[in-house]
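Below is one structure; the comments refer to it alone.
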Protein chains: 2
Amino acid sequence: MKLGQATIKDIARELNLSASTISRALKDYPGISDETKRRVKEVAKNMNYRPNAIALSLRKSRSFTIGVIIPEVVHFFFSTVISGIEDIAQSRGYNVILSQSNEKLDREISSIETMLSNQIDGVLVSYSKETESFDHFTRVLDQGFPIVFFDRAPAIPNAINVMVADYQGAYDATIHLISQGYKNIVHLSGPKALKISIDREQGYRDALEKNGISVNPANIIECPLGTLEEGQRLVSELFNSLPERPDAFFSCNDIGAVGAMKACRDIGLKIPLEVGIVGFSDWQFCAMLDPQLSSVSQPGFMMGARATEILIDIIEKKLDVETMERNLILETKLMERDSSRRF
Amino acid sequence: MKLGQATIKDIARELNLSASTISRALKDYPGISDETKRRVKEVAKNMNYRPNAIALSLRKSRSFTIGVIIPEVVHFFFSTVISGIEDIAQSRGYNVILSQSNEKLDREISSIETMLSNQIDGVLVSYSKETESFDHFTRVLDQGFPIVFFDRAPAIPNAINVMVADYQGAYDATIHLISQGYKNIVHLSGPKALKISIDREQGYRDALEKNGISVNPANIIECPLGTLEEGQRLVSELFNSLPERPDAFFSCNDIGAVGAMKACRDIGLKIPLEVGIVGFSDWQFCAMLDPQLSSVSQPGFMMGARATEILIDIIEKKLDVETMERNLILETKLMERDSSRRF
DNA sequence: TTGTATGCGTTATCAT
DNA sequence: ATGATAACGCATACAA
């Protein structure tokens, strides 16, 4: 019993053949006698031979591994995306190497460095909230290294992005609130550093204006943290400060919506009768709340899957980076539930 | 501008030195003149040199990569574990390669095969619900390959497991319900194939018996799916069929607890006044529900972190597999919230 | 202080 | 039909 894995050489020694013959026999190359193939495969099996992917990578300068850099794993939406990534990668014979930035720029940078060191074939990135300069990405992009961004699209010309229709989703949500007769709709917005926050806010604005409602700046509340407590606190403060009491909230995320829900309940407002609430992302728990929370559903799995398909197609040159469509926008779907349905 | 990455040879050529000198200079070996070191590092930087981790792996037969095989990524508890894994791995200089089995045995088997091919240094496993034979694990364990199991501990002698105190958590939850004066406590149990289900059920049983309450087999309802709908349906049926109406539910997972909550509400029962409910896992949404759901909190991040530390310690021979403690059990914590607090 | 040779596991190329 | 050799990028034992 030798320690470590059996190699081609071990098989060669066992059968008094050369390593090249073993290699060829194992891959059913023509010009190897059937008898030899049979014997080689038999011995390989007995020795529990397993090809060394590292050696292969070195030789081919290809690792069949893609990297994923993501802000957080413990996040319903992102974990869904990862699932989609992993699914496609696995079915196309690629490994997935995962790194979370925890929303930190320096971890993002060191992650991409390690991954490049590890000769990954391409990388999927959703950058951190701290990231404002994209040099660490352009540098590697300029070397012709494949990167596909998802969810958060950077300000890089020619970057390849897979996003959800944040604008449209926010627009739909706001229109829905208007159509339910809510008059004074507040938007809980996200960190301004993220394009998704800006797009969602714009969808909200346009929906109001399209309906002849002028946008009141005091009705847009930025929630940089995105926590429940923050949402609850900000909405409570709003109730005390705003002259005209809001009768609806469109939050850029579900957690904030729950915060708003609690704040409303704290002062005895009935949902959806007196206040309407809509979130964004359609996290699992939306349907568990009472009343069930309306939310804009984002196709996370699909996003991961499509981004991965695109990345691998680029790696395998089935897609031409020069001529391809560089922005893929996936549709959202408004899940109308009890928290915003009066009729 | 050459395509591909600069290598040690490129630097050597540039400086008219040998590759070995470059290698040594970059690693600050003694016996290289400071001047040479300086020049080498300068050129390395200019050429954007990045060591090829694949070549290193091949040479050292070590990849500094650990594999993670997990049933599902889109799962609050598991995603928390992954986060802990990733955190420690990153801080100790290891990559994480991720594969989800989707609770399928064949994917689990093929995942471990690919990972071994990729020369990972060790693997963290939470096996699938389908897995009943553990041959695919014992085979590699017997070769001396490091595996640490987490959450779901297999029936393998000498396996190294990191688990939560399922028995104790369930026991605590049940005692809590009893102490709140609930008399007829039903247990929604999990798939019998998982040890965690059995342990939780046993905790429930023992808590009752310790308090002189005999266990009514009709009060233990198996929920193999673990979905909200399943929980809701089974509890509704229970209300119609059981002679004596249950006044409390201890569910082996939070989703089932929400199902029970809905079923109670459907027939107008007040929580916690008329019915008490406790879940297991303390998912994020527990605190968002109304009433807030009591639940047994599992230290997911800690589990991932500890399992990874143990694995890496084994890999780096800081722990001796022969003599080490093979079972690490992490404590749970009962989060008492409104759904079960009458006093 | 630096260079040469060798090998990690595999395969493509060029023999035989 | 099979074998010998070189190469992928790097580190190290041994030479000089």
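Numbers restart at 1 for each chain; the letters A, B, ... are given by sequence-line order, proteins then strands. For clarity, every value in this text was computed on a predicted model and none was experimentally measured.
Atom NZ of A:K27 is separated from atom P of C:dT10 by 10 Å (rounded to the nearest Å). Rounded to whole Å, the distance from CZ on A:R62 to P on C:dG9 is 22 Å. Atom-to-atom, CD1 of B:I22 to C1' of D:dC10 comes out at 13 Å; the value is rounded to the nearest Å. Nucleotide D:dA1 holds its C1' atom 12 Å from the CG atom of A:D34, rounded to whole Å. Atom pair A:Q5:CD and C:dC8:P shows a separation of 15 Å (rounding to whole Å applied). If you take CD1 of B:I8 and C1' of D:dA7, they are 16 Å apart, rounded to a whole angstrom. Regarding A:L56, its CG atom lies at a distance of 15 Å from the P atom of D:dG9, rounded to whole Å. Taking atom CG of residue A:D10 and atom C1' of nucleotide C:dG7, one finds them 14 Å apart after rounding to whole Å.
Taking the ring axis of B:F150 as reference, the NZ or CZ atom of B:R152 does not stay both within 45° of it and closer than 6.0 Å to the ring centre.
Of the candidate nucleotides D:dG9, C:dT11, D:dA11, D:dG9 has the atom nearest to the side chain of B:A55. Comparing C:dC8, C:dG3, C:dA12 against the side chain of B:T21 picks out C:dG3 as the nearest. The nucleotide whose nearest atom lies closest to any side-chain atom of B:K60 is, among C:dT2, D:dA11, C:dG9, D:dA11. Checked against C:dT4, C:dT11, D:dC10, the side chain of B:R59 finds its nearest nucleotide in D:dC10. Considering only the side chain of A:T7, C:dG9 comes nearest among C:dT1, C:dG9, C:dT11. In this structure, the nucleotide among C:dT11, C:dT10, D:dC10 sitting nearest to the side chain of A:S23 is C:dT11.
Comparing B:S33 and A:Y29 by the nucleotide of DNA chain C that holds the closest heavy atom to each, the one mapping nearer the 5' end is B:S33. Residues B:S61 and B:L17 each lie close to DNA chain C; by heavy-atom proximity, the contact nearer the 5' end of the strand is made by B:L17.
With salt bridges taken as basic N to acidic carboxylate O contacts below 4.0 Å, one links B:D87 and A:R107. Between A:R92 and A:D313, at least one side-chain nitrogen of the basic residue sits less than 4.0 Å from a carboxylate oxygen of the acidic one, meeting the salt-bridge criterion. The pair A:R39-A:E42 does not meet the salt-bridge criterion, since no charged nitrogen lies less than 4.0 angstrom from a carboxylate oxygen.
Counting any heavy atom pair closer than 4.0 Å across all strands shown, B:I54 reaches no nucleic acid atom. Using a 4.0 Å heavy-atom criterion, one finds that A:N16 contacts the sugar-phosphate atoms exclusively. Across all strands, A:L58 comes closer than 4.0 Å to base atoms (heavy-atom distances). When heavy atoms are screened at a 4.0 angstrom cut-off, A:K9 is found touching base atoms of the nucleic acid. Within the 4.0 angstrom heavy-atom criterion, only backbone atoms of the sugar-phosphate kind lie near B:T36; the bases stay farther away.
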Under 3.5 Å, which protein N or O atoms sit close to an N or O of nucleotides 13-16 of chain D? Give each pair with its distance.
unit_1	atom_1	unit_2	atom_2	d
D:dA13	N6	B:R24	NH1	3.4

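Residue A:K41 places its NZ atom among more than 12 non-hydrogen atoms of other residues, nucleotides or ligands, all under 6.0 Å distant.
B:F137 and B:Y127 have their aromatic ring centers separated by at least 6.0 angstrom. Two rings, from B:F76 and A:F76, have their centers 6.0 Å or more apart.
Contact of the B:F149 side chain with the B:V162 side chain is not registered, since no non-hydrogen atoms from C-beta on lie closer than 4.5 Å.
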